[in-house]
Amino acid sequence: MHFLTVVEAREWCRDLVELTDAGVPTHPSREQRFARGPTSDELAFCRQLERALQPREACLLWVTDWGIWRSSENLHLYYQLRQSYGDRRQLAEAPAHLFLDYEAADLVSYLQVGLLCGWDMHLLPAVGYARAFVSHDEFVEFTADKANVSMVDEFAAALAGAQVVSREAPA
């Protein structure tokens with residue numbers, strides 16, 4: 001796994017996804033079919049989301065907003081986890097985390113910490129079949145390109161037990 005600065009993350013995303021005027025990924029396209037669901041039961045959700053973004057060679061987890069729910073943030077946990085990978089930079093210095101295909105368990109761990117901390121995160125696989133935005137407001141928006149819309153149905157079906165999955169874009 002590698003930690004990327006904002007400039008490096010923007011370069012990594014250059015041909016994968018459109019960036020906003022603020023230079024962060026746009027939310028999944030509301031013109032396309034997507035699934036929207038809750039982020040409760042964090043570990044099971046994180047594992048499901050990681051699996052839904054397969055196949056891939058790499059996946060960028062880009063934290064784009066933090067400090068929203070300071071009472072929920074456990075920065076000590078995050079920095080201890082980050083330091084275990086040999087990186088001592090602050091989240092603001094390198095907010096993007098690049099995971100290779102064999103680092104699925106690492107991706108799940110960082111995703112779960114981000115959920116616990118109440119962060120906004122974009123998950124952008126290198127291949128680009130599907131992508132996700134995880135909101136601090138405890139929902140995820142998941143979309144796939146036109147050739148892979150079945151990935152959205154599979155992701156929604158996996159979350160259907162919660163009975164709060166929307167298959168259409170909100171207004």
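Every heavy atom of this structure was used, including side-chain atoms; hydrogens, water molecules and symmetry mates were not.
Judged by distance alone, the side chain of Trp62 and the main-chain N or O of Val24 form no donor-acceptor pair under 3.5 Å. Between the side chain of Glu18 and the backbone N or O of Thr26 there is no donor-acceptor pair closer than 3.5 Å. A donor-acceptor pair is defined here as one N or O able to donate and one able to accept, closer than 3.5 Å; no such pair exists between the side chain of Asp65 and the backbone of Asp120. Looking only at distances, no side-chain donor or acceptor of Ser135 sits under 3.5 Å from a matching main-chain atom of Glu138. Judged by distance alone, the side chain of Asp145 and the main-chain N or O of Asn148 form a donor-acceptor pair under 3.5 Å. The backbone N or O of Leu98 lies less than 3.5 Å from no partner atom in the side chain of His2, so there is not a single donor-acceptor pair. When atom types are taken as modelled, the side chain of Arg10 and the backbone of Gly23 share a donor-acceptor pair closer than 3.5 angstrom.
Interatomic distance, Asp87 CG to Glu93 CD, rounded to the nearest 0.5 Å: 8.5 Å. The distance from the CZ atom of Arg56 to the CG atom of Leu100 is 10.0 Å, given to the nearest 0.5 Å.
Contact record, Leu123 with Cys59: CD2-SG, 4.2 Å, taken as the closest heavy-atom pair. Residue Val127 comes nearest to Glu57 through the heavy atom pair CG2-N, 4.2 Å, listed as atom of the first residue, atom of the second, then distance. Ala130 and Pro125 get closest at one heavy-atom pair: O-CD, 3.1 Å. In this structure, Val149 and Lys146 approach most closely via the heavy-atom pair CG1-O, 3.8 Å. Between Asn74 and Cys117, the shortest heavy-atom contact is N-SG, 3.4 Å. Here the closest non-hydrogen pair linking Pro95 and Val6 is CG-CG2, 3.6 Å.
A side-chain donor from one of Gln90 and Tyr79 sits under 3.5 Å from a side-chain acceptor of the other. A donor-acceptor contact closer than 3.5 angstrom links the side chains of Arg51 and Gln48.
Cluster annotation: Val63 is connected to Val140 through the hydrophobic network of ILVMFWY side chains, with a link wherever side-chain heavy atoms come within less than 4.5 Å. A continuous path of hydrophobic side-chain contacts links Phe155 to Met121 [ILVMFWY only; heavy atoms under 4.5 Å]. Linking Ile, Leu, Val, Met, Phe, Trp and Tyr whenever their side-chain heavy atoms come within less than 4.5 Å leaves Val134 and Leu19 in two separate clusters. A continuous path of ILVMFWY side-chain contacts below 4.5 Å connects Trp119 to Leu61, so both sit in one hydrophobic cluster. In the hydrophobic cluster analysis, where Ile, Leu, Val, Met, Phe, Trp and Tyr join through side-chain heavy atoms closer than 4.5 angstrom, Leu91 is grouped apart from Ile68.
A 4.5 Å side-chain heavy-atom check between Tyr129 and Leu53 finds every atom pair outside the cut-off. Taking 4.5 Å as the limit, some side-chain heavy atom of Arg131 sits within range of a side-chain heavy atom of Thr143. Counting heavy atoms from C-beta on, the side chains of Pro25 and Leu124 come closer than 4.5 Å.
Aromatic rings from Tyr78 and Trp66 are positioned such that their centres are separated by 6.0 Å or more.
For residues 98-118, the side-chain hydrogen bond (donor to acceptor under 3.5 Å, both in side chains) pairs, not counting sequence neighbours, are Tyr85-Asp106.
Cys46 pairs in a side chain to side chain contact (heavy atoms under 4.5 Å, CB included) with only one of the listed residues (Leu111, Val113, Leu107), which is Leu111.
With a 6.0 Å cutoff to the six-membered ring centre and a 45° limit on the axis angle, Arg89 does not count as a cation-pi contact of Phe3.
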- For side-chain contact (heavy atoms from CB on, under 4.5 Å), just list the numbers for Leu4 and His97, CA-CA rounded to whole Å, side-chain angles, deciding distance to a tenth of an Å, and then say yes or no. CA-CA 6 Å; Leu4 305 180; His97 309 68; over 6 Å; no

- Go through the steps for Trp12 and Arg14 under the test side-chain contact (heavy atoms from CB on, under 4.5 Å), then give the verdict. CA-CA 6 Å; Trp12 193 89; Arg14 183 172 33 107; over 6 Å; no

- Task: Given salt bridge (Lys or Arg N to Asp or Glu O under 4.0 Å), test Glu50 with Arg47 step by step and report yes or no.
- Result: CA-CA 5 Å; Glu50 182 278 323; Arg47 288 179 176 153; over 6 Å; no

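Ring orientation note: the planes of Phe133 and Phe139 are nearly perpendicular, at an angle over 60° on the 30°/60° scale.
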